[in-house]
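All remarks here apply to the structure that follows.
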Amino acid sequence: MSVHKKSREELKLMREAGNIVALVHQEMKRIIEPGISTKDLDEAAFKIIKANKAVPTFLGYHGFPASICASLNHEVVHGIPNEKCILKEGDIISIDVGATYRGLVGDGAWTYPVGNISDECKMLLETTEKALMAAIAVMKDNVLLDDVSGAVEDVANSKGLGIVRQYGGHGVGREMHEEPFVFNYRVGNKFVIKNGMTIAIEPMLNLGGDDVHTLEDDWTVVTNDGRPSAHFEHTIHVTDGDAEILTKLL
Ligand code: MG
């Protein structure tokens, strides 16, 4: 497996890319409300990415037609923005966005409540965010990647949530998807994370069971049981001390 450790210059550009991802999420949080369409969200994201002299990483990636993935309720990931998809009170909407700045990628996702949501959806969002933060907290030089995966699994299990098995985190940098792949549960992986690596951690947790499938549009991944799913992601830089979150405002 070839894993590319980042130089100081690359890290500087990844902080810029991460800042643009965070600016998009800041705007999503501000404008998400009942009545807005996921197409409107996509257009807002595109404008922010372009205004910051970056490229929407997702647009055209394997033919993906938008700058964000917008996955509603039982949609897990890779939902395609659509003017007919209008958010309504009680929905949850997962927004995943990538920005490429001077060749380096930032990748981050967040699930937002639309108005007031049910207590079980609140728990799902809180727990998935907590799983992300627990995983980030164990990311240090010389730690087994499997322990990062295990941190997500333990938080999910503490609330009896389903864990999506087919998708996970990944190295990120000059490419959106680099080695290593990061499972959201223990697999006995012996990979050791090292100072200088940049990795996207992205738990996808379900209120119901683990199982998901892809719709006929060949993109949208949904839960088999139709229950809601949440997705939180940050791009992380492994350092000697605490891991650095790159997808945050500078
Ligand atoms: Mg990702």
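Remember, it's 1-based here, ligands and their atoms both numbered in the order they're listed. On a predicted model such as this, the values are computed, not experimentally measured, just so you know.
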Inset, instruction - Validate the cation-pi geometry between Arg165 and Phe183: distance from NZ or CZ to the six-membered ring centre under 6.0 Å, angle to the ring axis within 45°. - result: no
Inset, instruction - Apply the test side-chain contact (heavy atoms from CB on, under 4.5 Å) to residues Thr223 and Asp211: give CA-CA distance (whole Å), side-chain angles for both, the deciding distance (0.1 Å), then the verdict. - result: CA-CA 6 Å; Thr223 57; Asp211 296 339; over 6 Å; no
Inset, instruction - Would you please indicate yes or no on a ring centroid separation below 6.0 angstrom for Tyr61 and His78? - result: no
Legend entry - Greater than 12 external heavy atoms within 6.0 Å of Glu27's CD: yes
Inset, instruction - Could you please tell me which protein N, O or S atoms lie under 2.8 Å from the Mg ion (ligand 1)? - result: Asp107 OD2, His170 NE2, Glu202 OE2, Glu233 OE2
Legend entry - Pair Asp154 + Arg186, salt bridge at N-O below 4.0 Å: yes
Legend entry - Approximate separation, where rounding is to 0.5 Å, of Asn184 CG and His231 NE2: 8.5 Å
